[in-house]
Trainee: 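One structure is given below, represented as structure tokens, and several questions about it will come after.
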Amino acid sequence: MRKLQLLLTPVIAITLVAGALGQTSTSRELPKDYVSDGCSWFPDGNYCECCVEHDKAYFFGGSKKERRAADRQLFECVKRKKGRLLARMMWIGVRVGGVGFLPTSFRWGFGKRWDERKNLKEK
């Protein structure tokens, strides 16, 4: 048993290191001409920076889990600045109005062309 462990340890270590080295960066960069519209359909109050950060996540789109996380971050940020009531209203607005299949300028994945929407299906 000890010999098997000695043989497998380097194989497992090499496999893990090779897998990590082969991965590409997942960082995403916004285009230089990117401009947020602030709090789409909401007044831009003292919580506008929450909306700007939310817009950055929505620009790229991604999975259902990523969208839920972005919406939750918006909720928490607005709640800290303006309170739970407005945060809840905004959260409901983005959950209903921000779905990726609507042809809006603020949909999930709005940074992709509308004709690429087949690639935006929420996973």
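If you read the sequence from its start, that first residue is 1, and numbering goes on from there.
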Trainee: Side-chain heavy atoms nearer than 4.5 Å, only ILVMFWY residues, links allowed to pass through others: does that put W91 and V96 together?
Mentor: yes
Trainee: Please collect all side-chain hydrogen bond (donor to acceptor under 3.5 Å, both in side chains) contacts where either partner lies in residues 75-90, sequence neighbours excluded, each pair once.
Mentor: E49-K81, R72-E76
Trainee: Any side-chain heavy-atom pair from R68 and K65 closer than 4.5 angstrom?
Mentor: yes
Trainee: Is there a path from Y34 to W108 through hydrophobic residues (I, L, V, M, F, W, Y) whose side chains come within less than 4.5 Å of each other?
Mentor: yes
Trainee: Under the ring pair (Phe, Tyr, Trp, His ring centres under 6.0 Å) test against F106, which residue among F59, W41, Y58, F42 passes?
Mentor: W41
Trainee: Heavy atoms only: give me the nearest R67-V99 pair and the separation to one decimal.
Mentor: NH2-N, 3.6 Å
Trainee: R107 and L102: which non-hydrogen atoms are nearest, and at how many Å?
Mentor: CD-O, 2.9 Å
Trainee: Are C39 and C50 within a span of less than 2.5 Å, counting SG to SG?
Mentor: no
Trainee: Over all heavy atoms of both residues, which pair between M90 and C51 is shortest? Give the atoms and the distance, please.
Mentor: CE-SG, 3.4 Å
Trainee: Taking all atoms of both residues into account, what is the closest heavy-atom pair of C48 and G38, and its distance?
Mentor: SG-CA, 4.0 Å
Trainee: Got E66 and F60 here, is their nearest side-chain heavy-atom distance under 4.5 Å?
Mentor: no
Trainee: Roughly how far apart are L74 CG and E53 CD, rounded to 0.5 Å?
Mentor: 10.5 Å
Trainee: Any heavy-atom pair between the side chains of V94 and F75 that's under 4.5 Å?
Mentor: no
Trainee: Return the CG to NZ distance between L30 and K56, rounded to the nearest 0.5 Å.
Mentor: 6.5 Å
Trainee: Hey, could you give me the CZ/OG1 distance between F110 and T104, rounded to the nearest 0.5 Å?
Mentor: 9.5 Å
